[in-house]
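Single-structure report; data block below.
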Amino acid sequence: MPPQINDRCIRCGNCYDVCPGDVFEWPDREAPPRVLYPDECWHCGACRLECPEEAIQYVFPLRMTHV
Amino acid sequence: MGGGLAGLNAAIGAAERGAEVVVLDKGRIERSGNIAGGVDHFMAYLETGEPWDTRDAYLRYVEQEGYGIVDVAVHNQVFCEELRAAIQRLERIGSPLYDPKTGRYYRTASMGQPGPYWINFNGKHLKPNLAKEVRRLGCTVLDRVMATQLIVSDSKLAGVVGFHTRTGDFYAIECKALVAATGNTNRLYETPTRMPFNTWLCPYNTGEAQRLALEAGATLANMEFLRMTIVPKGFSAPGLNAFTGMGSYFVNGLGERYMFRYHEKGEKAPRNWLVWGALNELRAGRGPLFVDSRHLSAEGISHLKKTLGLDKETLNDFLMARRIDIEREPLEIMVSEAMQTGPVEVVGSGIKIDLNCMSTVEGLFAAGDCADQMKIVHMAVAGGYCAGKNAAHYSRRNPFAPLLERQVREEMARIVAPLKRTEGIGYLEVEEVLRQIMSEHAGPYRTKTSLTTGLSKIRALREALREIKARNLHELMRAMETESLIKVGEVLTEAALFRTESRFIPYHYREDYPETDNLHWCGQVLVTQRGEKIVTQFKPILYKAAGERT
């Protein structure tokens, strides 16, 4: 699952706002956004660039790191 | 239509001339399109007094690289005439091309350039800076709105219809002029990692402008060419320019520097030759292939690492995850997926434009990677602005064409159909089939038989669109994208069948016509649509200095 949101998240929703692929959902505004379409992530880094709290890390799938 | 690099520069060009501007984007303009996560290079001549650093020398390079399909007069008008203003604009909005600390340009050469035309710069915040300027100028920005149809009446552009991908609201916008700027087409071919969104360019750019313009009566050109590049094994990320620009070597499994077998400039050859070299080495069983940077100076390595992170925000994270240090060991590389886009850095593929960036439909303009004479960052910035400026000028002189409610209602009914189906096929399954057809029949090795077989399969697949279902608005957006992908796939294959020669090998390599034939094929394949039929014709291009490419 590409972007992972850690507990530094302040629920600002920037990642949900800017993702060019619309891969996040954010049904509960009290909780962090969730990655609904991990297979559609481009790994562009937009969510991490716009995150004010360094709450996003990229975790690459095996198909990318081990081929 | 499209709020990427070209679209935002077009919006600025139009708004600065007093036009009322609406920007449509499937994403959010601060981070959408090919440079959503940043960019690191811009091609330019700077007139420093060096013989290669002039407009004339640059245009000679453009003609040589794009020979056969580049229109040098259009290139001069939409790029060279706008370059100085483009460089100043980037500085003004806060993303200068020079190093802010030293005030100097960091320039490198690759891709067959006669001198260092690439300017390395920090474009990490180029998109948000442009978006800020667009909003400051008072443009109406409709983020998350996907355009699905252009409306034409009395042969003039009348408007555009689309829907909001998160609220489901419909939009029908009357406009005197529209700049189409939705980029190239990705997700058209299988990727080497079998991950359809692990693509070199933005996987959310799916050829909407090409389909919508074609269906509105516009002519497309240069559509037969696909493009591939060299990427790190496992990650279809940009960064090749940075390696070849700094002087890294490509080596095969035997440790040989193989590129000089294929081109006298070695690793500094045009991109198609780098791909051709890699494909041949792999076919001959001399893989795996690597890019070796160990011989670079400490300063060179440090600049390279910095640049890689600017071109692809997550590339250095990826290298760490693979436990690769390019300073100490070679990095394994692969040939990327294919895509629809112009075959070289200086000529595009898509909507045919004239000297004013207007298509063959009055009021419809095009800019950036979806236009036949624009390509990549430098032309999106300069040419995008040019298109916006001319669209504003056109809209001052022309009245609105009537936007018929009947057409809008029909399109609204068509858009919601996939949401209403309780049974049917998901977009992913249809796309996977398309990618297999394109890869097997219209890839880098093509013949008449492969292309005609592919065409009949693509046409049969079109029937599946009637059964495509979407469970939510996100899937509806993807289903609409699938429709564009099928159309672009059909056009690309039809145009590739028509051009019975090879050019920019392996971007259009006809195994049954392996030679470049400048006597008969120096010119563009033009594509139009009549009813459901795709029609191809040839338009010659004459060059002042006629002759074979060297």
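Within residues 39-52 of chain A, the residues having any heavy atom under 4.5 Å from a heavy atom of chain B are, by residue number, A:D39, A:E40, A:C41, A:W42, A:H43, A:C44, A:G45, A:A46, A:R48, A:L49, A:E50. Contacts of residues 7-18 of chain A with chain B at a heavy-atom distance below 4.5 Å involve A:Y16, A:D17, A:V18, listed in sequence order.
Contact of B:M334 with chain A is not made at all, since no heavy-atom distance falls under 4.5 Å. Heavy-atom distances place both the backbone and the side chain of B:R194 under 4.5 Å from chain A. Only the backbone of B:L201 comes within less than 4.5 Å of a heavy atom of chain A; no side-chain atom from C-beta onward does. Both the backbone and the side chain of B:F197 come within less than 4.5 Å of a heavy atom in chain A. Proximity to chain A is absent for every atom of B:P196, based on heavy atoms less than 4.5 angstrom apart. Neither the backbone nor the side chain of B:R323 comes within contact range of chain A; no heavy atom of the residue lies under 4.5 Å from a heavy atom of that chain. No part of B:N186 comes within reach of chain A, as not one of its non-hydrogen atoms sits under 4.5 angstrom from that chain. Within the 4.5 angstrom heavy-atom criterion, atoms from both the backbone and the side chain of B:K233 approach chain A.
Within the model, atoms CZ of B:R144 and CG of A:D22 stand 5.0 Å from one another, a figure rounded to the nearest 0.5 Å.
Counting heavy atoms from C-beta on, the side chains of A:F60 and B:D317 come closer than 4.5 Å.
Between chain A and the residues B:P232, B:A321, B:C202, B:A237, the most heavy-atom pairs under 4.5 angstrom are made by B:C202. In terms of heavy-atom pairs under 4.5 Å with chain A, the best-connected choice from B:R187, B:R166, B:K127, B:H125 is B:R166. Counting heavy-atom pairs closer than 4.5 Å to chain A, the top-ranked of the candidates B:S236, B:G38, B:G37, B:G27 is B:G37. Contact count versus chain A (heavy atoms, under 4.5 Å) is highest, among B:E332, B:K26, B:K312, B:E30, for B:K312.
Taking the side chain to side chain contact (heavy atoms under 4.5 Å, CB included) definition, one finds that B:A278 meets it with B:I230, B:Y258, B:L289, B:V335, sequence neighbours left out. Residues passing the ring pair (Phe, Tyr, Trp, His ring centres under 6.0 Å) test with A:Y37 are B:H474, sequence neighbours excluded.
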**Report entry** Candidate pair B:R322 and A:V67, rule side chain to side chain contact (heavy atoms under 4.5 Å, CB included), full reasoning
**Finding:** CA-CA 10 Å; B:R322 265 190 99 105; A:V67 290; 4.0 Å; yes

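Surrounding CZ of A:R34 are at most 12 heavy atoms belonging to other residues, nucleotides or ligands under 6.0 Å away. Counting non-hydrogen atoms of neighbouring residues, nucleotides and ligands closer than 6.0 angstrom, the NZ atom of B:K305 exceeds 12 such neighbours.
Of all heavy-atom pairs spanning B:T193 and A:R63, the tightest one is O-CD, 3.4 Å.
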